[in-house]
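Residue numbers start from 1 in every chain, and the chains themselves are labelled A, B, ... in the order their sequence lines are given, proteins ahead of strands. All values reported here derive from a predicted model rather than from experimental measurement.
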2 protein chains.
Amino acid sequence: MNLKELSQKLGLSQTTVSRALNGYPEVSAATRKRVQEAAKASNYRPSTRAKGLATGKALTIGHVIPVSSKHEIVNPVFGDFIAGASETYARNGYEMLLSIVDDAQEEQIYRGMKSRQSVDGVIVHGPKMNDLRIGLLSDLGLPFAVHGRASGCDIPYTWLDMNNRQAFERATRYLLELGHRRIGLINGLEEMDFAYRRRNGYIAAHRSYGIATDPQLMRSDEMTEAFGYESSRDMLRQANPPTAIIVSSLICALGARRAVEEHGLTMGKDVSIVSHDDVFSYLQNGNATPIFTATRSSVRDAGRQLAEMLLNVIRNPTAPPRTVLLDAELVIGGSTGPAPRKD
Amino acid sequence: MNLKELSQKLGLSQTTVSRALNGYPEVSAATRKRVQEAAKASNYRPSTRAKGLATGKALTIGHVIPVSSKHEIVNPVFGDFIAGASETYARNGYEMLLSIVDDAQEEQIYRGMKSRQSVDGVIVHGPKMNDLRIGLLSDLGLPFAVHGRASGCDIPYTWLDMNNRQAFERATRYLLELGHRRIGLINGLEEMDFAYRRRNGYIAAHRSYGIATDPQLMRSDEMTEAFGYESSRDMLRQANPPTAIIVSSLICALGARRAVEEHGLTMGKDVSIVSHDDVFSYLQNGNATPIFTATRSSVRDAGRQLAEMLLNVIRNPTAPPRTVLLDAELVIGGSTGPAPRKD
DNA sequence: TAAGGCAGCCAAAGCGCTTTGGCTATGATT
DNA sequence: AATCATAGCCAAAGCGCTTTGGCTGCCTTA
């Protein structure tokens, strides 16, 4: 069923039917009602393609998920982020186009999206420091919004980020207050902007306590369970092992716990662990009482909000970019305790 | 840059330029080369919408991810499955449209996709027993392929599934051979087809050993870490606790391990655990030696393959549906051992 | 009573492509 | 020399919508 057929069936012109369905005022109430009912009855929905051609809007948002060819890892935050964004799109009549793409091809993908006009805007995931995509999208004139920020990009753009630095400074300080003096950091990949900020927070807290950080206690890589396990194990094997570890993701933290227990140590007593918790739906940090003490910020909420912000950029392209900095809360769970006394 | 501009610049008709770029024979080699170079130079790419309108193809595949309103959980298998499918689409010039959708609205979404012609076909995720979607899509005439199967749907359709029943029968038998006689089952939601088949395998193995299964040892719910933990904890608290547990997902298995250790027991000695491993990229089951003994089948491979199958359905709609049944391998890790002797 | 305003409808153009049905040379065939 | 393929190009229609620019008839207003 298309517009033509529907209008013929109703004995009206395509113009009138179109206007009736799209809420234009030049249609009598009676006609509008008749049209709407007929549309529903014959299950009519306008072709997205034709509508897009006519209006120049795609009513579609692109999400480009980078998968490093080296690691081949799909960051688990995307699932929940996208679920959040999707809610916003559904409410606003937008659809979501997903490209999972090798780092190297990313530029081509964005250029393609622009020239084929397949999307009205894109969400940039996983910004790196000095991320090239921001300049590119800005040059292309393709509306975008960034989940995170890119240190070193000085052009203004729309972003939503969590206060990574402050969260990790607070978490580190919390451990320092508990008396810990050797604190490990298991972080995401060096080049990721969030990892850079988190490390800065970790270092700042140490500095304010007049304590030097030890490169031996700082690791960064793709945040898998295995990475959490191996780096914790290696740290614990050192001559002067840490009494606490800060971990950038719950998944890593599961690995860290495994290492701690394998060493015959007790988490929260012999070794304290603080994690960041993105609040994945399938990986709650305990129910009533959190398992891990954690800095917490829901990535799903972030998705909802950032999608909303992008739609605003699209609706109002000349407005100055808006930015949102979310605060992570620090929830205290069972994985931390006072630093053990040296006997 | 659009076709009209490009053809004017070249002094050719739109027809010729279009044919040159799409590989039709009615164009001289010299002209074709000239057109291709000009297209590349001016970064021309045809508008997907216009092309779609003209050809009737969307060059887009829809993925509808159901999120139960009750649980609000994004199944972590989707991330890797989609990454796999995406590789296939990229190779074939297709794009991926994602809808994350409340169970209740699913029918509307499929009808919408059909009538708006926004996709050429869809992948059905997470089939339930007697899944209504299969009949619906079949009626709508929207090409589809199912990741899994739906017991009770007798119309033929294209699917790719893992041999759930056999995998769990083998895993259970492995534990029985090790002398375990009380084996717990922590399974996915009852209504999911895969859960039904896995339970059947579990039961069949018991039966072939002449052992009755105990309802007290069988749980099923959304497969979160917390669910794995809580059900294991409850089982271990029973008067006659299991000496082994089979778990439907690594994420659940992490929870199960937590419960085992919290009970002061050792995994692989006091309690054996076998899991299913979907080979998530961020959650490897150990490196050299697997942590968990597990039935293993890569969901990413499944995505690659099923996408290929769907494209075939689209290209050749009248061909009889093809089906693929993957065998899961059983990898032996450190989480299983002989049943402890009763003293 | 004539002029003007407006509510309510319509025909047709246009969005950027593909594709049908030509047309015109050129070279081969008889 | 006349006929016929054929290679190589083009104009125009059509895909399903929106939107511009009317047109008609009724109701106000002076």
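Rounded to the nearest 0.5 angstrom, B:Arg91 CZ and B:Ser86 OG are separated by 10.0 Å. To the nearest 0.5 Å, the span separating CG on A:Leu59 from CZ on B:Arg49 amounts to 9.0 Å.
Along DNA chain D, the nucleotide nearest to B:Leu53 and the one nearest to B:Thr16 differ in position, and the one closer to the 5' end is contacted by B:Thr16.
Residue-level contact check: A:Arg19 touches the bases, meaning some heavy atom is under 4.0 Å from a base atom. Within the 4.0 angstrom heavy-atom criterion, only backbone atoms of the sugar-phosphate kind lie near A:Thr55; the bases stay farther away. When heavy atoms are screened at a 4.0 angstrom cut-off, A:Thr15 is found touching base atoms of the nucleic acid.
A salt bridge links B:Asp80 with B:Arg300: at least one charged nitrogen is closer than 4.0 Å to a carboxylate oxygen. By the 4.0 Å N-to-carboxylate-O rule, A:Glu87 lies close enough to A:Arg304 to be salt-bridged with it.
With hydrogens and angles ignored, the 3.5 Å screen pairs no side-chain donor or acceptor of A:Asp161 with any backbone N or O of A:Leu325.
A tilted orientation is assigned to the rings of B:Tyr94 and B:Tyr89, their planes being inclined by 30° to 60°.
From the 5' end on, the contacts that DNA chain D makes with chain B at under 4.0 Å to a non-hydrogen atom open and close at D:dG8 to D:dG16.
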